[in-house]
Each structure stands twice: as C-alpha cells, then as structure tokens.
Protein chains: 2
Amino acid sequence: MSQGESGIHLETSLGYLLKEASSALRTAMEDVLRPLGMTITHYSCLELLAQRPGLSSSELARGAFVTRQSMHVLLQHLEREGQVARPSEAPVGKVLPARLTPRGRRALAKASAAVRSVEVRMLAGMSDAEQAAAFRALQSMVRSLRDDPATP
Amino acid sequence: MSQGESGIHLETSLGYLLKEASSALRTAMEDVLRPLGMTITHYSCLELLAQRPGLSSSELARGAFVTRQSMHVLLQHLEREGQVARPSEAPVGKVLPARLTPRGRRALAKASAAVRSVEVRMLAGMSDAEQAAAFRALQSMVRSLRDDPATP
DNA sequence: GAATGTATGTCAGACTACTGACATGAGTCA
DNA sequence: TGACTCATGTCAGTAGTCTGACATACATTC
C-alpha cells in the first residue's frame with residue numbers, strides 16, 4: 001500500500017542517521033570507559049559536577065539525559081565509592097548539592113581524556129566550518145523538538 | 001586544576017550536543033509511539049522489515065542498533081502477537097528470514113505516520129541546504145568512529 | 001577430508017534505566 | 001492564613017537491553 005510521503009525512508013532519514021551516529025558514539029565511549037570501570041552516565045555525572053559543582057540530583061539527571069530516579073541510584077553508588085559527597089541535610093529546602101571528592105576527580109581525569117580522544121576521532125576529517133554547521137543544525141533540531149510538545 | 005585541553009567542555013562539545021539531540025528525538029518518538037503500544041525498537045523492526053523483507057534477526061538487530069539477543073526476544077514477542085512471521089525451518093543455513101504479516105503492516109502504518117510527524121517537527125525551520133549539510137556531517141562522524149576501532 | 005574462522009539462533013542471568021507513587025519543602029495567589 | 005502548584009528526594013516494581021555462553025551452519029584454508 002502506498003506508504004508514500006507519510007512514511008520514513010531509512011536511507012535518507014535524518015532521524016535514522018542521528019540515531020546511528022549517537023549509537024556509534026555511545027559504543028565508542030563505552031569501549032574506552034569500560035576499561036576504567038565506568039559507564040557513560042557515570043562519566044557524565046562526574047563531568048557535570050566538575051564543571052558545575054553543587055548541582056542537585058535532579059539537575060544532574062537533566063544534564064545526563066536520564067530520569068532523576070536513575071541518577072538517584074547512581075549517586076548512592078558513587079557516594080559509597082567515595083567519588084561524590086553530599087551533605088546529610090539540605091542547606092535549604094530538600095535540595096542536596098553534590099560535589100566531587102579528590103577520588104572522584106582522579107577517576108574523572110582519566111575518563112575525560114579518554115572521552116576527549118573519542119570526540120577528536122569523531123571529528124577527524126571535518127573542517128571547523130563543517131563542525132559549526134553541524135552544531136547549529138543539531139541545536140535547531142533540539143529546539144524544534146522541545147518547543148512543540150507532541151501535537152496531539 | 002588545569003583540565004585544559006584534555007577535557008570536554010559541555011557547552012561547546014559536539015558529542016554532548018549529539019547526545020542531547022538523540023535524547024530529545026528518542027523522547028519525542030516514545031511520546032507518540034506509547035499510545036500505540038509500541039517501543040522505538042519495536043517500530044524500527046517493523047519499518048526495517050517493510051523496506052527490506054526477509055531480513056534475519058541479526059540483520060534486524062544491526063539495523064535497529066541493538067544486540068541480536070535483544071532483537072531475538074523482541075521477535076519472539078512479535079511472532080506471538082502475529083505482527084511478524086518466520087518459517088519454522090531455515091531455508092538455508094540457520095538464517096530465518098522474517099516478514100511482516102498484514103497485522104504487522106497495519107500496526108506499522110500508524111506508527112510510521114506518527115514518527116514521520118516527529119521528524120517533520122524536528123526539521124522545521126531548517127532549509128534543505130542545512131539538512132543536507134547536517135546529513136553529510138553525521139555521515140562523516142559515523143564513518144570516522146567506525147573506521148578506527150579505539151586507538152589504544 | 002580435517003581444521004579453522006566467522007556468523008547465526010538461542011538460552012540464561014545481570015544490569016540499567018524507566019514508570020508509578022508518595023511525602024516534603026518552596027513559591028504563588030486568592 | 002490556607003489552597004494550590006511545582007520541583008525535589010526517595011522507595012518499589014517493571015521492562016528493555018546487555019554480557020556471557022553454547023550449539024550449529026557455512027566458507028576458507030591447509
């Protein structure tokens with residue numbers, strides 16, 4: 001039956017290609033993080049805390065693109081491992097600001113270098129102009145998807 | 001401490017933005033597929049079978065960017081639901097070619113239209129030239145990540 | 001023909017992230 | 001003040017995907 005223009009053509013679909021690219025990036029990152037005993041979300045959490053100390057669990061979740069429940073269990077794990085510290089009581093409201101410990105900073109240093117090498121590899125062969133164009137295009141896609149919450 | 005150029009700057013990282021974009025796309029697709037009782041991998045499987053009938057479980061897995069084990073359990077489910085059919089014996093070797101049933105085709109029709117609307121929304125505000133540039137950029141990233149398997 | 005390497009289908013267990021739900025604190029507004 | 005809304009932290013259960021393992025089928029090589 002005519003799927004015509006109402007369907008998706010995998011070969012030419014930007015959505016499909018976006019998924020392919022993010023899948024390739026995820027695999028490459030997992031490959032370099034696994035030897036360090038770290039998952040992508042784990043790394044993302046540490047990187048976010050390094051750049052924005054004091055972030056709450058919910059804010060970290062948004063920054064790592066997972067639910068706050070997922071980040072919650074990860075933070076519990078990282079606290080037990082001694083990579084992250086949180087006050088036992090909230091300074092204000094219920095929000096518990098998290099911070100890296102020295103151990104967390106050391107773990108991040110190796111991971112960050114590894115991830116950086118993946119990103120460099122990913123961008124090999126692209127000019128600065130091409131990278132800038134890709135950046136703007138992806139930003140536009142994110143904005144368009146967020147602005148309209150699913151037209152019913 | 002100087003994280004310098006060895007680290008990642010979240011605000012300007014193409015890798016981070018790529019993850020953000022794919023996360024936004026995933027969420028948007030889940031939002032329109034959930035009312036249809038379908039997951040993204042489920043939809044991807046049907047779409048692949050519509051465009052390339054006779055694909056094996058392993059080939060479907062690669063096309064949907066999951067492991068063949070994950071696709072295997074999904075296919076078992078879809079066979080029970082009557083959306084997909086496979087011969088009980090392999091025509092050649094061990095490979096079992098899968099095909100859509102009429103019921104699978106009907107389920108796909110709705111899903112495909114829904115996903116198409118998400119893609120249209122995502123590309124709103126982008127010129128054809130911008131879309132083409134984004135397409136080439138993403139293709140380049142995929143190629144670069146695959147060609148070099150993790151330089152140790 | 002035998003040995004090896006590669007790809008597939010399948011089963012089992014473990015893990016990650018998700019949805020659902022509840023209580024709590026903060027801000028807004030009548 | 002009280003009612004309402006919203007964001008957060010947390011607990012519990014579920015679902016989807018992954019890793020590990022094994023047997024089988026084909027192709028290649030010696």
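Order of the sequence lines sets the chain letters (A, B, ...), proteins ahead of strands, with each chain counted from 1.
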*Asks:* Show the atom names and distances, to 0.1 Å, of all donor-acceptor pairs under 3.5 Å that link a side chain in residues 19-26 of chain B to residues at least two apart or in another chain.
*Replies:*
{"residue": "B/E20", "atom": "OE2", "partner": "A/R146", "partner atom": "NH2", "Å": "2.9"}
{"residue": "B/S22", "atom": "OG", "partner": "A/S22", "partner atom": "OG", "Å": "3.4"}
{"residue": "B/S22", "atom": "OG", "partner": "B/K19", "partner atom": "O", "Å": "3.4"}

*Asks:* To the nearest angstrom, how far is B/K94 atom NZ from C/dT10 atom P?
*Replies:*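 That distance rounds to 8 Å.
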*Asks:* Report the distance from atom OG of B/S70 to atom CG of B/L75, rounding to the nearest 0.5 Å.
*Replies:*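 If we round to the nearest 0.5 Å, B/S70:OG and B/L75:CG are 11.0 Å apart.
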*Asks:* Can you tell me if A/S58 touches the phosphate of D/dG9, counting only side-chain N or O atoms and a distance under 4.0 Å to OP1 or OP2?
*Replies:*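 Yes, such a contact exists.
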*Asks:* Could you note down all residue pairs passing salt bridge (Lys or Arg N to Asp or Glu O under 4.0 Å) where residues 56-84 of chain A supplies at least one of them, sequence neighbours left out?
*Replies:*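 Sorted result for residues 56-84 of chain A: A/E79-A/R86.
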*Asks:* Between D/dT19, C/dT8, D/dT8, which nucleotide gets closest to the side-chain atoms of A/R34?
*Replies:*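 Nearest listed nucleotide: D/dT19.
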*Asks:* Between atom CG in B/L96 and atom C1' in D/dT24, what is the gap in whole Å?
*Replies:*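 After rounding, the reported distance stands at 12 Å.
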*Asks:* Are B/S70 and D/dC18 close enough that a side-chain N or O sits under 4.0 Å from OP1 or OP2?
*Replies:*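 It does, given that an N or O in the side chain of B/S70 lies less than 4.0 Å from OP1 or OP2 of D/dC18.
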*Asks:* For B/R116, is there an ion pair with B/E47 - N to carboxylate O distance below 4.0 angstrom?
*Replies:*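 B/R116 and B/E47: not salt-bridged.
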*Asks:* Hey, is the side chain of B/H72 poking within less than 4.0 Å of OP1 or OP2 on C/dT10, counting only N and O atoms?
*Replies:*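 Yes.
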*Asks:* Can you tell me if B/T39 touches the phosphate of D/dG16, counting only side-chain N or O atoms and a distance under 4.0 Å to OP1 or OP2?
*Replies:*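 B/T39 to D/dG16 OP1/OP2: no side-chain N or O under 4.0 Å.
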*Asks:* Starting at CG of A/L78 and ending at P of C/dT16, how long is that distance when rounded to a whole Å?
*Replies:*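 Distance check: A/L78 CG to C/dT16 P gives 11 Å.
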*Asks:* Looking at the side chain of A/R86, which of D/dT10, D/dT24, D/dG9 is the nearest nucleotide?
*Replies:*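 Selected nucleotide (nearest to the side chain): D/dT10.
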*Asks:* Would you compute the distance between atom CZ of A/R136 and atom CE of B/M126 and round it to the nearest 0.5 angstrom?
*Replies:*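 It comes to 10.5 Å.
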*Asks:* Quick one, A/Y16 and A/I8 - any side-chain contact, counting heavy atoms below 4.5 Å?
*Replies:*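 No, too far: nothing below the 4.5 Å cut-off.
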*Asks:* How long is the straight-line distance from OG of A/S44 back to CE of A/M71, given to the nearest 0.5 Å?
*Replies:*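 Those atoms lie 7.5 Å apart.
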*Asks:* Compare the minimum distances between each of D/dT10, D/dA21, C/dT24 and the side chain of A/R68, then state the nucleotide with the smallest one.
*Replies:*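 Given the options D/dT10, D/dA21, C/dT24, the side chain of A/R68 is closest to D/dT10.
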*Asks:* Rounded to whole Å, how long is the line connecting atom CD of A/E59 with atom P of D/dG9?
*Replies:*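 The answer, rounded to whole Å, is 8 Å.
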*Asks:* Strictly below 4.0 Å: does A/R62 bring a side-chain N or O up to OP1 or OP2 of D/dT8?
*Replies:*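 For A/R62, the contact criterion (side-chain N or O under 4.0 Å from OP1 or OP2 of D/dT8) is met.
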*Asks:* Contact class for A/L74 vs. all strands (heavy atom < 4.0 Å): base, sugar-phosphate, or nothing?
*Replies:*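 If one applies the 4.0 Å heavy-atom cut-off, A/L74 turns out to touch nothing in the nucleic acid.
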*Asks:* Looking for any heavy atom pair under 4.0 Å, which part of the strands does B/T67 touch: base, sugar-phosphate only, or nothing?
*Replies:*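 Base contact.
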*Asks:* What is the distance, rounded to the nearest whole Å, between atom CD of B/Q69 and atom C1' of D/dC22?
*Replies:*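 After rounding, the reported distance stands at 12 Å.
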*Asks:* Which residue lies toward the 5' end of DNA chain D, A/P97 or A/R26, if each is placed at its nearest nucleotide?
*Replies:*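 Its nucleotide being nearer the 5' end, the pick is A/P97.
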*Asks:* Measure the CG-CG distance between A/L18 and B/L18 for me, rounded to the nearest 0.5 Å.
*Replies:*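 The CG atom of B/L18 is 6.0 Å from CG of A/L18, to the nearest 0.5 Å.
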*Asks:* Per the end-axis method with five pairs at each terminus, what is the bend angle of the helix from C/dG1-D/dC30 to C/dA30-D/dT1, to 10°?
*Replies:*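 End-to-end axis angle for the helix from C/dG1-D/dC30 to C/dA30-D/dT1: 30°, rounded to 10°.
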*Asks:* How many whole angstroms separate atom CG of B/L33 from atom P of D/dG16?
*Replies:*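 The distance from CG of B/L33 to P of D/dG16 comes to 13 Å, rounded to the nearest Å.
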*Asks:* Please report the distance, rounded to the nearest Å, between CG in B/L60 and P in C/dT8.
*Replies:*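 So the two atoms are 11 Å apart, to the nearest Å.
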*Asks:* For A/Q76, report the nucleic acid contact type (base, sugar-phosphate, nothing); a contact means any heavy atom under 4.0 Å.
*Replies:*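 Sugar-phosphate contact only.
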*Asks:* Ignoring backbone atoms, establish whether A/T41 has a side-chain N or O less than 4.0 Å from OP1 or OP2 of C/dA17.
*Replies:*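 Yes, because at least one side-chain N or O of A/T41 sits under 4.0 Å from OP1 or OP2 of C/dA17.
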*Asks:* Taking NE2 from B/H77 and P from D/dT17, how many angstroms apart are they, rounded to a whole number?
*Replies:*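 B/H77 atom NE2 is separated from D/dT17 atom P by 12 Å.
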*Asks:* Both B/S57 and A/H42 contact DNA chain C. Which one's nearest nucleotide lies toward the 5' end?
*Replies:*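 Final value for this comparison: B/S57.
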